[in-house]
A.B. asks: 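Below you will find the structure I want to go over with you.
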Amino acid sequence: MMAAACTIVWFRRDLRTHDNPAFLAAAKAGTVIPVFIWCTEEEGQFSPGRVSRWWLKQSLGHLDASMRSLGCPLVMRKASDSLSELLEIARVTGATHVFYNHLFDPMSLVRDHRVKQGLSQHGILTCTFNGDVLHEPWEIFDSEGQPFTAFEPYLQKAMSMPNEPEPPMLAPRHFTPSECSIVGCSAAELDLENESEEDSNAVLARIWRPGWSNAEIALDSFLAGPLARYGTNRKKADSSTTSGLSAHLHFGELSVRKVYHSVRTKQVLWIKEGKTDAAESVDWFLRSLKLRDYSRYLCFNFPFTHERSLLSNLRSFPWRLDEGYFKAWRQGRTGYPLVDAGMRELWATGWLHNRIRVVVASFCVKVLQLPWRWGMKYFWDTLLDADLENDVLGWQFISGSLPDGHELDRLEDPQVQGYEYDTEGEYVRKWLPELCRLPSEWIHHPWDAPPKVLRAAGVELGCNYPRPILDLLAAKDRLGHAIAEMWEREAAITAAVSGESLGNTLKVVNDGALSVQKLDPSKLMFDLLAKSRHDQMVPIIKDNAIKDIEIRNASSDKEEDCRHPSSLSLPPLKLLDLMPCGMVESCKRADVQKSLSPKSNTLHMAQNHSTAESSSAPKGRCEERKSGLVPVWSRSASTQSQWAREEGRVHFVPKLRSDPLPKRVLQPSQMKDQEAISGKIEGDDKTSIKEEIIRPAKRKPKAEN
DNA sequence: TTTAACTTTAT
DNA sequence: TAAAGTTAA
């Protein structure tokens with residue numbers, strides 16, 4: 001056993017004292033130095049945006065206060081490199097160990113791998129733990145030992161795991177602070193918020209309460225209130241019936257395991273009391289929680305997914321690099337009320353209901369045909385709960401980049417969705433005051449409204465509210481053409497590959513990257529690939545970059561509302577230019593994965609390791625491990641499968657049919673998952689809504705006596 | 001029994 | 001949107 005070790009606990013996105021495995025283990029082992037390092041440079045373009053930084057600032061202050069009351073303040077440092085900073089802290093304090101909890105976003109995978117190696121070179125031992133997920137992403141495989149690429153089979157496997165997520169641990173009752181003092185700064189001194197941001201952020205403080213103890217309060221009130229009706233309420237967009245825990249979970253103020261177990265406890269209780277609806281609601285919530293796990297799972301097993309779609313055919317999609325559209329979307333000036341209301345809410349509050357996230361994202365990608373990465377980046381910069389893993393999953397799902405997501409040719413109609421999620425238009429009225437006097441009948445499609453109705457409501461289309469930026473039928477048509485073009489490009493790539501390199505097909509090196517040199521470099525293929533990469537570059541967003549929107553602004557304070565977050569005026573995204581295939585590929589993927597702790601991997605590791613702390617083993621040991629221990633990248637052995645894995649992606653091989661747009665084909669594993677969870681039939685007046693959409697003019701105004 | 005019309009669901 | 005399931009005629 002380690003006797004009286006001096007341990008640095010490296011806090012990252014686990015800003016809590018309870019159920020924090022790294023913290024608890026360190027407290028047991030000896031003296032503790034809790035550390036937080038703020039290091040934007042390492043995050044590249046995914047450095048947190050304004051609202052996210054605001055939350056972090058509050059949360060750190062909160063944690064620091066708790067640690068102080070335990071006699072051990074949090075050492076906060078601003079640095080340009082986490083490894084050097086940790087080494088420096090270790091040098092000053094004489095710390096011999098560094099403990100931290102796993103993170104799975106691509107930046108963290110690379111950084112943590114480097115940190116672990118660097119520390120071990122200096123004789124410092126690292127131990128890492130699971131503090132972020134119910135199941136570690138390397139625990140769950142399909143029958144061939146490959147990671148799942150669809151949620152449903154993943155979920156089935158996760159639920160049939162022999163090990164139920166462990167119950168949450170309490171905060172350490174006592175621990176020994178290190179005697180060697182080290183100077184840190186306060187949360188305010190980390191420069192998480194600059195002066196120009198303070199005013200905008202003041203609004204946030206009225207709505208949100210960051211910090212771990214506030215997170216527990218939020219959890220309790222969710223358990224006592226909205227949870228019981230989560231199942232039915234999740235369909236409406238404007239209700240305050242969500243858990244509101246996303247940001248707390250993102251920063252790890254709340255442990256997922258704790259949420260899981262508290263919710264399960266409620267469920268057991270409700271089953272006993274015969275409250276079946278409430279118990280079913282818990283299932284829905286658990287599903288969301290496991291979706292969060294799945295987002296980590298995807299990012300870990302396919303660590304390029306923040307830059308490239310999982311389905312490889314999307315690389316050939318002809319995105320429209322229209323910054324005018326992009327700006328109109330960001331400002332909430334597309335002319336589609338539900339989309340615009342959502343974008344205004346996002347800008348004003350940093351938060352959106354998941355339903356609305358789907359609506360606006362879908363509009364961005366399918367109607368405007370903007371690259372999904374543009375939208376994702378904007379979400380990243382503006383969301384309070386911006387979470388790379390969740391956002392990657394969400395945007396890829398929407399854009400048709402996942403085997404089980406929206407189909408590529410699926411195009412949602414914001415008008416239809418409007419009447420579905422916001423039947424009476426209350427949500428739109430709240431965020432688009434210029435439309436607030438419009439009757440429900442027209443609120444989701446003002447362009448159809450008779451002139452006198454518009455006049456009565458004070459709406460002047462093209463003046464104080466824009467006409468639709470694009471006709472939906474035209475958009476549908478454009479989408480069809482774009483998909484056809486995508487398949488043509490794909491066919492060209494396939495032809496180039498198979499024609500030029502017979503018998504020497506794609507070589508995949510063990511990090512999952514395509515080994516380009518080994519391939520016969522067909523010029524065509526390179527052009528196409530290079531183009532598709534370029535297409536997805538996120539543009540630099542500047543206020544004055546846009547000229548071609550036909551919207552004239554009526555009132556000047558509206559303009560104020562729509563100004564962009566200053567965090568968006570980023571320097572050119574050099575990082576992306578330098579590493580188009582992802583930072584991860586600069587590190588060997590398998591190594592990155594191996595460098596994660598085997599502690600939680602006991603199923604596989606049992607024979608090899610007798611102690612739990614084995615991750616501190618020297619490098620050589622690490623490399624001895626065979627691929628069975630953690631999922632190591634390899635090409636799929638089965639060639640019959642319709643899904644082959646190449647270039648780390650899931651490759652869709654369309655069948656030769658007369659149909660120009662191949663339909664999505666289910667994976668064999670998905671076939672059996674057709675047992676839908678039968679929902680309750682509600683006595684809703686869904687019929688009338690549908691009618692309203694088809695024949696809006698005939699519908700009588702509803703809210704009248 | 002067949003057919004049409006309608007509902008529901010989706011990470 | 002579109003496929004699968006449900007109800008009505």
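Computed over heavy atoms, backbone and side chain alike; hydrogens, waters and symmetry mates excluded. Sequence lines set the chain letters: A, B, ... in the order given, protein chains first and strands last, and positions in each chain run from 1.
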A.B. asks: Which atoms form the tightest heavy-atom contact between A:Arg257 and A:Val133, and what is the distance?
C.D. replies: NH1-O, 4.2 Å
A.B. asks: Can you tell me if A:Glu345 and A:Tyr427 form a side-chain donor-acceptor pair at under 3.5 Å?
C.D. replies: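 Side chains of A:Glu345 and A:Tyr427: pair found under 3.5 Å.
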A.B. asks: Locate the shortest heavy-atom distance separating A:Leu370 from A:Phe326; write the atom from each residue and the value.
C.D. replies: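 Residues A:Leu370 and A:Phe326, closest heavy atoms: CD1-CA, 3.6 Å.
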A.B. asks: To the nearest angstrom, how far is A:Leu408 atom CG from B:dA10 atom C1'?
C.D. replies: 17 Å
A.B. asks: Quick one: do A:Glu136 and A:Arg296 make a salt bridge, cutoff under 4.0 Å?
C.D. replies: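 No, no charged N to carboxylate O under 4.0 Å.
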A.B. asks: In whole Å, I'd like the distance from the CD atom of A:Gln417 to the P atom of B:dA10.
C.D. replies: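 These atoms are roughly 15 Å apart.
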A.B. asks: Show the numbers, then the answer: is there a salt bridge (Lys or Arg N to Asp or Glu O under 4.0 Å) between A:Lys275 and A:Glu280?
C.D. replies: CA-CA 9 Å; A:Lys275 296 178 179 166; A:Glu280 212 172 285; over 6 Å; no
A.B. asks: So, A:Asp387 versus A:His250: side-chain donor-acceptor pair below 3.5 Å or not?
C.D. replies: yes
A.B. asks: Taking atom C1' of B:dT11 as reference, at what distance in whole Å does atom CZ of A:Phe148 sit?
C.D. replies: 16 Å
A.B. asks: For A:Gln396 and B:dT11, give me the distance from atom CD to atom P, rounded to whole Å.
C.D. replies: 16 Å
A.B. asks: Give a yes/no verdict on base stacking between B:dT11 and A:Phe397: centres under 5.5 Å, planes within less than 30° of parallel.
C.D. replies: yes
A.B. asks: Using a heavy-atom cut-off of 4.0 Å across all strands, would you classify A:Lys290 as base, sugar-phosphate, or nothing?
C.D. replies: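 Nothing, no heavy atom under 4.0 Å.
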A.B. asks: Can you check whether any acceptor in the base of C:dT1 is under 3.5 Å from a donor in the side chain of A:Asp413, or vice versa?
C.D. replies: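 It does not, because no donor-acceptor pair links the side chain of A:Asp413 to the base of C:dT1 below 3.5 Å.
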A.B. asks: Rounded to the Å, how far apart are A:Asp404 CG and C:dA2 C1'?
C.D. replies: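 Taking CG of A:Asp404 and C1' of C:dA2, I get 16 Å after rounding.
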A.B. asks: Roughly, in whole Å, what's the span from CZ in A:Arg410 to C1' in C:dA3?
C.D. replies: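 Interatomic distance, CZ of A:Arg410 to C1' of C:dA3: 11 Å.
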A.B. asks: Given a 3.5 Å cut-off on both pairing distances, which stems involving DNA chain B, each at least three consecutive Watson-Crick or G-U pairs, are present, if any?
C.D. replies: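 Consecutive-pair runs (3 or more) involving DNA chain B: B:2-10 with C:1-9.
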A.B. asks: Roughly how many Å is it from CG in A:Asp387 to P in B:dT11, rounded to a whole number?
C.D. replies: 19 Å
A.B. asks: Please check the phosphate of C:dT1 (OP1 and OP2 only) for any side-chain N or O of A:Lys366 closer than 4.0 Å.
C.D. replies: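 The answer is no; no side-chain N or O of A:Lys366 sits under 4.0 Å from OP1 or OP2.
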A.B. asks: Once you round it to whole Å, what is the distance between P of B:dT11 and CG of A:Leu310?
C.D. replies: 16 Å
A.B. asks: Establish, from distance only, whether the side-chain atoms of A:Ser309 and A:Gln396 form a donor-acceptor pair under 3.5 Å.
C.D. replies: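 Judged by distance alone, the side chains do not pair up.
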